[in-house]
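Please read the structure below before turning to the comments.
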Amino acid sequence: MGMIEILNPATGEVIGEVQEKTSEEITAAMKRAREAFPAWRDMPLEQRLGYVARVREYLVEHMETLAQKIVQDTGKVLLEAMMTEIFTTADFMKHYEKHAAGILAPKKVGTPIVLFGRRSEIQYRPMGVVAVISPWNYPLQLAMVPAISALIAGNTVLLKPSEVTPLTGLIMEEILNAGGFPEGVVQVLHGGKEVGQTLVDAKPDKIFFTGSVATGKKIMAQAAQHLIPVELELGGKDPMIVFADADLERAANAAVWGAFTNAGQTCMAVERVYVESSIFDRFVGIVKAKTEQLRVGTGEEADMGSMTFPHQLSIVEEHLADAVAKGATILTGGKRLNEKTLHFPPTLLTNVDHTMKIMNDETFGPVLPIMPFRDESEALRLANDSPFGLNSSVWSRDTTKARRVAGKIESGNVCINDVIVSVANPHLPFGGIKESGMGRYHGEEGLITFCHVTSIIESPGKKASEINWYPYTPKKREAFQTLMQFYGKQIKASVGGVNNLLREFFK
Ligand code: NAD
């Protein structure tokens, strides 16, 4: 474990370096996190939220400088750094500052008649030390939102940022330091996959992972050795279904933004568009015109920045080559802008089909393949013909049809006449199905996922014994038999028997 270079992908320059954590440092960090846990867990929630508020205030106060650094680290344009990293993170913090008390409060639930006299309650207890392992595409938001959620729920946190965007790892350390958390409550472990593996082997009480399917599977297998619960937020290949009766102007704007925002490096990017045959050519024409208007660059005047990770650009090129070899047509874009930086133009493809990688594997770059469909059932078949199930969208002015189709799409999130945005509503849980992962965060689930959901039942404790305890007698057997009949069809016949049973209870 050595030094990691900080590369500005939009200029090709190395702008610094970060020291990776050693195994010994990771062990020591885990020890500190464990020692810090009891006091943090027992601290009143309001006080914990005070630390979070300080982090949020720092984030907002320094948003300009922080966003500029994220731009240098990722190549994204400034507005995107502000909107999707700083604003979203602050928004989630504010949301939980307001709602955490309600979400984490013990909840009284009903108690059935057979357990008469008792009181039942659900409590949400922190798990201990949570490991957050995060990716490079939204390096601040995707690390800070789960880390802050875990902290609010009363856990201590070890955060391992992506080695591809190490400057953002330093930024997060700075922001969290500004919160003034007690020693050991939240620590940033800079480094690559070895640091991630060592962290898993240090046996945290929960692993929250965002990244690729391949790494998710490895982490799950490693976590299984220690039976550590994992939440996996993995890749996507999100379909967009456009019916002939959709508002085409809005749908085209959404396709262009949904595919090319953050240079297509969004887990919920529009990666496949299916368009009803009757409007296919018209829709493609509108999308092409809008795509060609996008300004690629680095300054404030750019709409699309550079890609972030050199390896991802090779995957984009590999998918394009495979598609073209199998008959796809590139309508615009298709070649990197220069050899020095990671700028790749927004690229539009037609004549695509499901034998191509571009329609099956996650491309994670500024590429938009468009394919026609004949009818609703074909659209659904194509959309669901994927190992992924993260987000999706349906476009139609007929809301009954749009909702019907949305109800049959296999994905953890669905947008109707909208794109990506489900993830931005802090009230909505977020996560994938199929190979897009398991578990949910955001919304109430976003705090509960970092808790042991604990069931409490409380009896007044005034009776010497209970009906289901010893001794077992024929009378008790008869009473339970009658009760079971009550659950079946013989309701009338059993009423007397239930009374007998209740008499036994209250004896
Ligand atoms: P990645 O899987 O390569 O790396 C993610 C993190 O895991 C990094 O911090 C990395 O250092 C660490 N890591 C790698 N190997 C590890 C191992 N064996 N043990 C422990 N840690 C290890 O993913 P990436 O390239 O950084 O991110 C891009 C992927 O993330 C895409 O597939 C994208 O769709 C997905 N993603 C998903 C979501 C979501 O919410 N579902 C959001 C953003 C990105």
Side-chain angles (χ1 to χ4, degrees), residues 4 6 15-21 29 32-33 36 40 43 47-74 76 78-98 100 129-191 195 199 208 210 308 426 441-442 446-447 450:
I4 316 170
I6 306 173
I15 52 174
E17 54 184 15
V18 176
Q19 176 68 55
E20 281 194 281
K21 294 290 179 198
R32 281 194 295 274
W40 183 249
M43 186 183 279
Q47 218 176 316
R48 287 204 298 267
L49 291 174
Y51 291 94
V52 171
R54 271 202 289 282
V55 174
R56 174 174 49 74
E57 282 155 17
Y58 185 89
L59 195 59
V60 173
E61 212 170 297
H62 298 84
M63 85 181 127
E64 188 82 32
T65 354
L66 296 173
Q68 289 287 3
K69 284 188 188 170
I70 294 171
V71 166
Q72 287 175 18
D73 204 23
T74 59
K76 58 180 90 193
L78 185 66
L79 180 61
E80 284 177 356
M82 283 195 165
M83 217 167 39
T84 60
E85 298 272 54
I86 312 261
F87 171 78
T88 310
T89 305
D91 193 34
F92 270 88
M93 288 182 184
K94 192 85 186 151
H95 173 84
Y96 281 135
E97 284 169 49
K98 191 167 167 205
V129 182
V130 170
V132 174
I133 302 178
S134 55
W136 49 262
N137 59 330
Y138 294 92
L140 187 95
Q141 186 210 139
L142 296 175
M144 287 294 287
V145 172
I148 290 289
S149 306
L151 287 167
I152 291 175
N155 303 279
T156 55
V157 169
L158 294 174
L159 165 57
K160 205 227 50 90
S162 170
E163 68 277 27
V164 178
T165 46
L167 182 54
T168 308
L170 292 176
I171 294 174
M172 290 193 286
E173 208 165 28
E174 173 188 334
I175 299 168
L176 290 165
N177 282 343
F181 291 91
E183 158 92 10
V185 166
V186 55
Q187 301 167 78
V188 181
L189 304 177
H190 304 286
V195 171
L199 175 56
F208 186 97
T210 307
T308 302
Y441 77 130
H442 296 182
L447 297 186
F450 295 112

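Keep in mind that what you see is a predicted model, and the values were worked out from it rather than measured.
Taking all atoms of both residues into account, the shortest heavy-atom contact from Pro166 to Ile4 is CG-CG2, 4.1 Å. Pairing each heavy atom of Pro146 with each of Tyr441, the nearest pair is CD-CE1, 3.8 Å. The minimum heavy-atom distance between Gly191 and Glu20, with the atom names listed, is CA-OE2, 3.2 Å. Contact record, Leu447 with Ser149: CD2-O, 3.5 Å, taken as the closest heavy-atom pair. In this structure, Pro139 and Thr74 approach most closely via the heavy-atom pair CG-CG2, 3.8 Å. Residues Val157 and Ala147 come closest through the heavy atom pair CG2-O, 3.7 Å.
A donor-acceptor contact shorter than 3.5 Å is absent between the side chain of Asn155 and the backbone of Val130. One N or O on the side chain of Arg48 and one on the backbone of Ile152 form a donor-acceptor pair closer than 3.5 Å. Proximity of a side-chain donor or acceptor of Trp40 to a complementary backbone N or O of Leu151 within less than 3.5 Å is detected.
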Exercise for the section: Output, in order, the C-alpha distance, side-chain angles, deciding distance and verdict of side-chain contact (heavy atoms from CB on, under 4.5 Å) for Gln187 and Leu176. Expected result: CA-CA 8 Å; Gln187 301 167 78; Leu176 290 165; over 6 Å; no

Practice task
Verify side-chain contact (heavy atoms from CB on, under 4.5 Å) between Tyr58 and Asn177, making sure each step is shown before the conclusion.
Solution key: CA-CA 10 Å; Tyr58 185 89; Asn177 282 343; over 6 Å; no

Practice task
Starting from the C-alpha separation in whole Å, work towards a yes-or-no answer on side-chain contact (heavy atoms from CB on, under 4.5 Å) for Thr308 and Asn137.
Solution key: CA-CA 7 Å; Thr308 302; Asn137 59 330; over 6 Å; no

Practice task
Could you give me the CA-CA distance, side-chain angles and deciding distance for Glu183 and Arg32, then say whether side-chain contact (heavy atoms from CB on, under 4.5 Å) is met?
Solution key: CA-CA 8 Å; Glu183 158 92 10; Arg32 281 194 295 274; 3.0 Å; yes

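Annotation for Gln47: atom CD counts as buried by contact number, over 12 foreign heavy atoms lying within 6.0 Å.
Partners of Met83 under the side chain to side chain contact (heavy atoms under 4.5 Å, CB included) rule, at least two apart in sequence or in another chain, are Leu79.
Taking CG of Leu66 as the reference point, atom CD1 of Ile86 lies at 5.0 Å (rounded to 0.5 Å). For the atom pair Met144 CE and Thr89 OG1, the distance stands at 6.5 Å (nearest 0.5 Å). To the nearest 0.5 angstrom, Leu140 atom CG is 7.0 Å from Ile171 atom CD1. Met82 contributes atom CE, which lies 7.0 Å from atom CD of Gln68 (distance to the nearest 0.5 angstrom). Between the CD atom in Glu85 and the NZ atom in Lys76 there is a gap of 4.0 Å [rounded to 0.5 Å]. Distance CG/Asp91 to CZ/Arg56: 10.0 Å, rounded to 0.5 Å.
A donor and an acceptor atom, one from each side chain of His62 and Glu174, are nowhere located under 3.5 Å apart.
Sorted by first then second residue, the salt bridge (charged side-chain N to carboxylate O under 4.0 Å, His left out) pairs that include residues 143-152, not counting sequence neighbours, number zero. Note on residues 156-167: no pairs pass side-chain hydrogen bond (donor to acceptor under 3.5 Å, both in side chains), not counting sequence neighbours.
Note: His442 and Phe92 have tilted aromatic rings, judged against thresholds of 30 and 60 degrees for the angle between ring planes.
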